[in-house]
Asker: 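One structure, pasted below without further comment.
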Amino acid sequence: MILVIGGAGYIGSHMVKELVKEKEVVVLDNLSTGHRWAVDEKAIFVEGDLGDVGDLDSVFSTYGIEAVMHFAANSLVGESVVDPMKYYQNNVAATMILLEAMKKYEVKNFIFSSTAAVYGVPKFELITEETPTLPINPYGRSKLMIEQILADYARAYGFHYVVLRYFNAAGAYGTGEIGEKHYPETHLIPIVLQQLLGERESIFVFGSDYDTPDGTCIRDYIHVTDIARAHMLALDALLLGNKETAIYNLGNGLGYSVKEVIETCEKVTGKQANMIMANRREGDPARLVASSEKVFKELGWKAKYSLVDMIASAWKWHSRGI
Ligand SMILES: NC(=O)c1ccc[n+]([C@@H]2O[C@H](COP(=O)([O-])OP(=O)(O)OC[C@H]3O[C@@H](n4cnc5c(N)ncnc54)[C@H](O)[C@@H]3O)[C@@H](O)[C@H]2O)c1
Ligand SMILES: O=c1ccn([C@@H]2O[C@H](COP(=O)(O)OP(=O)(O)O[C@H]3O[C@H](CO)[C@@H](O)[C@H](O)[C@H]3O)[C@@H](O)[C@H]2O)c(=O)[nH]1
């Protein structure tokens, strides 16, 4: 049985859809930002909190857990600058409680959702796993802290783990059954698509004076289905004993500026966006683009989906109006 914490959230729910095809799955989620309807009906759902010892005891003592995938977190760069306590509490302190429960129940396989935000403002065009980790916002710092704690737990307690540092997740499940639904929405692609659907008046472009070709921030977008596939490979590697500890970037290796993303959304949907140039958002680095060579060499993973695929699948989802 695989325990997916945060399996009702955007990326976690896509993971569960893939995972239930091969494994028994139990989801633990407090539904703070996730949705009960997003959890595949083949998975067992437990409403509870990853920082609650009682909830964890109940899950670990009821189900024979082989491995834990940990998606649950607060994950908004801007919010973390304004409310760092929330981030250190949920992403660090609560995760420590989970790690303690894993130690108690002798569950040693762990897959952790980390982020490109651990790199801060990298000096290189393509970020490798060797690029120095110097986060510039509390969100990135909170994720890096857990990465460091995991290294210590591996040495001291024999934990086996894979850290996946995703770049910007986008897209929706191919069938259109589930997709990204955050309230309030802050991510670029859903905001653009909502504007194109007439659900908001305009799109604010946060900063047009960055040191990039068109002045707007560049990000590396990666399809949620690609992210889920990387987890499947990481899980196999852990369960087969092929990997004890590893850290991998997950990206496409292609950077798109905010303006380019908006233009691609216009092309995919055939509609014209209304964008307004606005001030920079605090905590945003100018450019984050991944090298995912290491995960290709070691796990054979490569992104399959393009930005157009991500936007087209997200459009199908958002057009349903859920
Ligand atoms: N979305 C991205 O672009 C992106 C990129 C890099 C990394 N990540 C990481 O991926 C993970 C998933 O991100 P997402 O976009 O799906 O976020 P999300 O907010 O949609 O999902 C998080 C899920 O965790 C649950 N949760 C939060 N705190 C919890 C707690 N204390 N106990 C139990 N459940 C709790 C929420 O209810 C939600 O279902 C996060 O760890 C995030 O930091 C996301
Ligand atoms: O209304 C908007 C929303 C976003 N942006 C810009 O679009 C880019 C992408 O922003 P967003 O979609 O909010 O994602 P990020 O802030 O890059 O962060 C995402 O990607 C990170 C990995 O790179 C993850 O760790 C985070 O959890 C996830 O929220 C940034 O330059 C934003 O400033 C705008 O200009 N206008």
Side-chain angles (χ1 to χ4, degrees), residues 4-16 27-36 38-39 46-52 55-56 69-80 86-87 89-91 93-95 97-98 112-119 127 135 137 139-140 142-143 146 164-171 180-192 194-195 200 202-208 210 212 216-222 224 227 231 249-251 256-259 261-262 275-290:
V4 182
I5 306 194
Y10 170 43
I11 304 173
S13 61
H14 286 76
M15 181 72 240
V16 170
V27 170
L28 177 73
D29 199 299
N30 67 3
L31 299 181
S32 54
T33 58
H35 311 280
R36 179 66 185 89
V39 180
V46 178
E47 187 170 343
D49 198 289
L50 96 112
D52 186 301
D55 290 345
L56 292 170
M69 293 186 179
H70 178 30
F71 294 89
N74 292 106
S75 59
L76 304 177
V77 170
E79 183 188 60
S80 80
K86 181 173 177 182
Y87 282 70
Q89 180 57 47
N90 205 29
N91 298 2
T95 297
I97 309 241
L98 165 67
F112 181 57
S113 304
S114 189
T115 165
V118 298
Y119 294 110
I127 300 170
N137 49 61
Y139 167 58
S142 72
K143 291 285 182 172
I146 293 300
L164 297 173
R165 291 176 177 161
Y166 334 141
F167 285 59
N168 290 50
E180 186 163 10
K181 179 124 186 117
H182 291 124
Y183 188 78
E185 190 50 78
T186 62
H187 293 103
L188 180 62
I189 291 176
I191 282 182
V192 177
Q194 286 171 355
Q195 201 276 315
R200 49 177 84 221
S202 43
I203 303 151
F204 294 97
V205 175
F206 298 142
S208 49
Y210 283 97
T212 59
T216 66
C217 285
I218 293 176
R219 292 289 180 275
D220 182 337
Y221 293 87
I222 175 82
V224 270
I227 293 180
H231 282 71
N249 286 341
L250 295 184
Y256 292 96
S257 72
V258 173
K259 274 192 186 162
V261 168
I262 296 172
M275 61 173 154
I276 295 174
M277 294 304 155
N279 290 334
R280 289 182 178 199
R281 189 176 65 179
E282 220 186 316
D284 275 348
R287 179 187 157 91
L288 290 172
V289 183

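Counting starts at 1 for both ligands and their atoms, following the listed order.
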Asker: Closest non-hydrogen protein atom to atom 36 (N) of ligand 2, residue and atom name please, with distance?
Answerer: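 Answer, as residue, atom name and distance: Phe204 O, 2.7 Å.
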
Asker: Name the option, out of Tyr256, Tyr210, Phe206, that contains the heavy atom nearest to atom 2 (C) of ligand 2.
Answerer: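 Answer by nearest heavy atom: Phe206.
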
Asker: Okay, side chain of Asn168, backbone of Arg219: is any donor-acceptor separation there less than 3.5 Å?
Answerer: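 Checked: no pair found.
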
Asker: Any N/O of Tyr10 closer than 3.5 Å to an N/O of ligand 1?
Answerer: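 Such a contact does occur with ligand 1.
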
Asker: With backbone taken as N, CA, C and O and side chain as the heavy atoms from C-beta onward, which portion of Thr186 lies under 4.0 Å from ligand 2: side chain, backbone, both, or neither?
Answerer: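 It is the backbone that touches ligand 2; the side chain stays farther off.
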
Asker: Between Asn91 (side chain) and Ser142 (backbone), is there a donor-acceptor pair under 3.5 Å?
Answerer: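 No: the side chain of Asn91 does not pair with the backbone of Ser142.
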
Asker: Taking the side chain from His35 and the backbone from Lys181, do they hold a donor-acceptor pair closer than 3.5 Å?
Answerer: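 Present.
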
Asker: Suppose we call two aromatic rings close when their centres sit under 6.0 Å apart. Are His231 and Tyr166 close by that rule?
Answerer: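 Yes, they do, as the ring centres are separated by less than 6.0 Å.
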
Asker: Regarding Glu79 and Tyr87, do their side chains bring together a donor and an acceptor under 3.5 Å, going by distance alone?
Answerer: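 Yes.
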
Asker: In a check of salt bridge (Lys or Arg N to Asp or Glu O under 4.0 Å) between Asp284 and each of Arg281, Arg280, Arg287, which one passes?
Answerer: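 Of the listed options, the one satisfying the test is Arg281.
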
Asker: Note the single closest protein heavy atom to atom 44 (C) of ligand 1, along with its residue, its atom name and the distance in Å.
Answerer: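 In this structure, atom 44 (C) of ligand 1 has Ile11 CD1, 3.6 Å as its nearest protein heavy atom.
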
Asker: Give me the residue, atom name and distance of the protein heavy atom closest to atom 32 (N) of ligand 1.
Answerer: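 Looking at atom 32 (N) of ligand 1, the protein heavy atom closest to it is Leu50 N, 3.0 Å.
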
Asker: Which atoms of ligand 1 are found less than 4.0 Å from any heavy atom of Gly34?
Answerer: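 Counting from 1, the qualifying ligand atoms are 36 (C), 37 (O), 38 (C), 39 (O).
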
Asker: Go through ligand 1 atom by atom and flag the ones less than 4.0 Å from a non-hydrogen atom of Ser114.
Answerer: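 Ligand 1 atoms under the 4.0 Å threshold to Ser114: 6 (C), 7 (C).
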
Asker: Judging by distance only, is a nitrogen or oxygen of Tyr166 under 3.5 angstrom from one on ligand 1?
Answerer: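 No, no N or O pair falls under 3.5 Å.
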
Asker: As an exercise, state the distance from CG of Asn30 to CG of Leu50, rounded to the nearest 0.5 Å.
Answerer: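 Here the rounded value is 7.5 Å.
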
Asker: In this structure, does ligand 1 have an atom that sits under 4.0 Å from one of the heavy atoms of Ala8?
Answerer: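 Checking ligand 1 against Ala8, which is what was asked, there is a heavy-atom contact under 4.0 Å.
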
Asker: Has ligand 1 got any nitrogen or oxygen that is less than 3.5 angstrom from a nitrogen or oxygen of Ala169?
Answerer: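 Indeed, backbone or side chain, Ala169 has an N or O that close.
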
Asker: Give the contacting part of Tyr166 toward ligand 2: side chain, backbone, both or neither, where contact means a heavy-atom distance below 4.0 Å.
Answerer: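 The backbone, only.
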
Asker: For ligand 1, which atoms, with element, lie under 4.0 Å from some heavy atom of Gly9?
Answerer: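 What qualifies from ligand 1 is 20 (O), 21 (O), 23 (C), 38 (C), 39 (O).
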
Asker: Compare Asp29, Asn168, Val224 and give the one whose heavy atom is closest to atom 39 (O) of ligand 1.
Answerer: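 The nearest heavy atom belongs to Asp29.
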
Asker: Closer than 3.5 angstrom, by distance alone: can the side chain of Gln195 be matched with the main-chain N or O of Val192 as a donor-acceptor pair?
Answerer: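 Such a contact is absent between Gln195 side chain and Val192 backbone.
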
Asker: If you measure every N or O of Asn74 against every N or O of ligand 1, does any of those distances drop under 3.5 Å?
Answerer: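 Min N/O separation from ligand 1 is not below 3.5 Å for Asn74.
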
Asker: Tell me which part of Ala94 gets within contact of ligand 1: side chain, backbone, both or neither, using heavy atoms under 4.0 Å.
Answerer: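 No part of Ala94 comes within reach of ligand 1.
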
Asker: Report the part of Phe167 in contact with ligand 2, treating N, CA, C, O as backbone and CB onward as side chain, heavy atoms under 4.0 Å; options are side chain, backbone, both, neither.
Answerer: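 The part of Phe167 near ligand 2 is the backbone, not the side chain.
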
Asker: Quick one: does Leu31 get within less than 4.0 Å of ligand 1, heavy atoms only?
Answerer: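 Contact check Leu31 vs ligand 1: positive.
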
Asker: Could you identify the single nearest non-hydrogen protein atom to atom 18 (O) of ligand 2 and state the distance to 0.1 Å?
Answerer: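 The closest heavy atom on the protein side is Asn168 ND2, 3.9 Å.
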
Asker: Nearest protein heavy-atom contact for atom 35 (C) of ligand 1: which residue, which atom, what distance?
Answerer: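 Atom 35 (C) of ligand 1 sits closest to the protein heavy atom Asn30 OD1, 3.1 Å.
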
Asker: Considering non-hydrogen atoms of the protein only, which is the closest contact for atom 41 (O) of ligand 1, and what is the distance?
Answerer: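 For this ligand atom, the closest protein heavy atom is Lys143 NZ, 2.7 Å.
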
Asker: Judged on heavy-atom distance to atom 8 (C) of ligand 2, which of Ile276, Val258, Ile218 sits nearest?
Answerer: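 The residue whose heavy atom sits nearest atom 8 (C) of ligand 2 is Val258.
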
Asker: Give a yes or no on whether the backbone of Ala8 and the side-chain of Asp29 come within a donor-acceptor separation of less than 3.5 Å.
Answerer: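 Yes; judged by distance alone, with no hydrogens or angles, the pair exists.
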
Asker: Using heavy atoms and a 4.0 Å limit, tell me yes or no: is Ala38 in contact with ligand 1?
Answerer: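 Judged by the 4.0 Å heavy-atom criterion, Ala38 does not count as contacting ligand 1.
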
Asker: Provide, to 0.1 Å, the distance between atom 31 (N) of ligand 1 and the closest protein heavy atom, together with that atom's residue and name.
Answerer: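 Looking only at protein heavy atoms, the one closest to atom 31 (N) of ligand 1 is Asn90 OD1, 2.8 Å.
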
Asker: Using a 4.0 Å heavy-atom threshold (strictly under), name the region of His187 that reaches ligand 2: side chain, backbone, both or neither.
Answerer: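 Both backbone and side chain.
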
Asker: Please verify whether a non-hydrogen atom of Ile203 lies at under 4.0 Å from ligand 2.
Answerer: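 Distance cut 4.0 Å: Ile203 fails for ligand 2.
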
Asker: Considering only the protein, which heavy-atom contact is closest to atom 40 (C) of ligand 1, and what is its distance?
Answerer: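 The answer is Phe71 O, 3.1 Å.
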
Asker: For ligand 2, is any non-hydrogen atom under 4.0 Å from Arg280's backbone (N, CA, C, O), its side chain (CB onward), both, or neither?
Answerer: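 For Arg280, there is no contact with ligand 2 at all, from either part.
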
Asker: Where is the nearest protein heavy atom to atom 36 (C) of ligand 1: which residue, which atom, and how far?
Answerer: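 Checked against all protein heavy atoms, atom 36 (C) of ligand 1 sits closest to Thr33 OG1, 3.2 Å.
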
Asker: Do me a favour and list the nearest non-hydrogen protein atom to atom 20 (O) of ligand 1 with residue, atom name and distance?
Answerer: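 Heavy-atom neighbour on the protein nearest atom 20 (O) of ligand 1: His182 NE2, 2.7 Å.
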
Asker: At less than 4.0 angstrom from any non-hydrogen atom of Val205, what atoms of ligand 2 do you find?
Answerer: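 Numbered from 1, ligand 2 contributes 35 (O).
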
Asker: Does Ser32 reach ligand 1 with a nitrogen or oxygen that is under 3.5 Å from one of the ligand's nitrogen or oxygen atoms?
Answerer: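 By distance alone, the answer is yes.
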
Asker: For the 3.5 Å polar cut-off, considering only N or O atoms, please tell me whether Ile5 and ligand 1 meet it.
Answerer: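 Between Ile5 and ligand 1 (N or O atoms, distance only) the closest approach is not under 3.5 Å.
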
Asker: So is Lys181 in contact with ligand 1, going by heavy-atom distances below 4.0 Å?
Answerer: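 No, that is not the case, since the closest heavy atom of the residue is not under 4.0 Å from the ligand.
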
Asker: At a 4.0 Å cut-off, with the gap strictly under it, does some heavy atom of Gly48 reach an atom of ligand 1?
Answerer: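 Distance cut 4.0 Å: Gly48 passes for ligand 1.
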
Asker: Would a 4.5 Å heavy-atom cut-off, applied to side chains only, mark Tyr10 and His187 as touching?
Answerer: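 Contact flag for Tyr10/His187 side chains = no.
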
Asker: When only distance counts, is Tyr221 in polar contact with ligand 2, meaning an N/O pair under 3.5 Å?
Answerer: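 Between Tyr221 and ligand 2 (N or O atoms, distance only) the closest approach is not under 3.5 Å.
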
Asker: Residue-level breakdown please: for Tyr139 versus ligand 1, do any non-hydrogen atoms fall below 4.0 Å on the side chain, on the backbone, on both, or on neither?
Answerer: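 Contact part for Tyr139 vs ligand 1: side chain (C-beta onward).
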
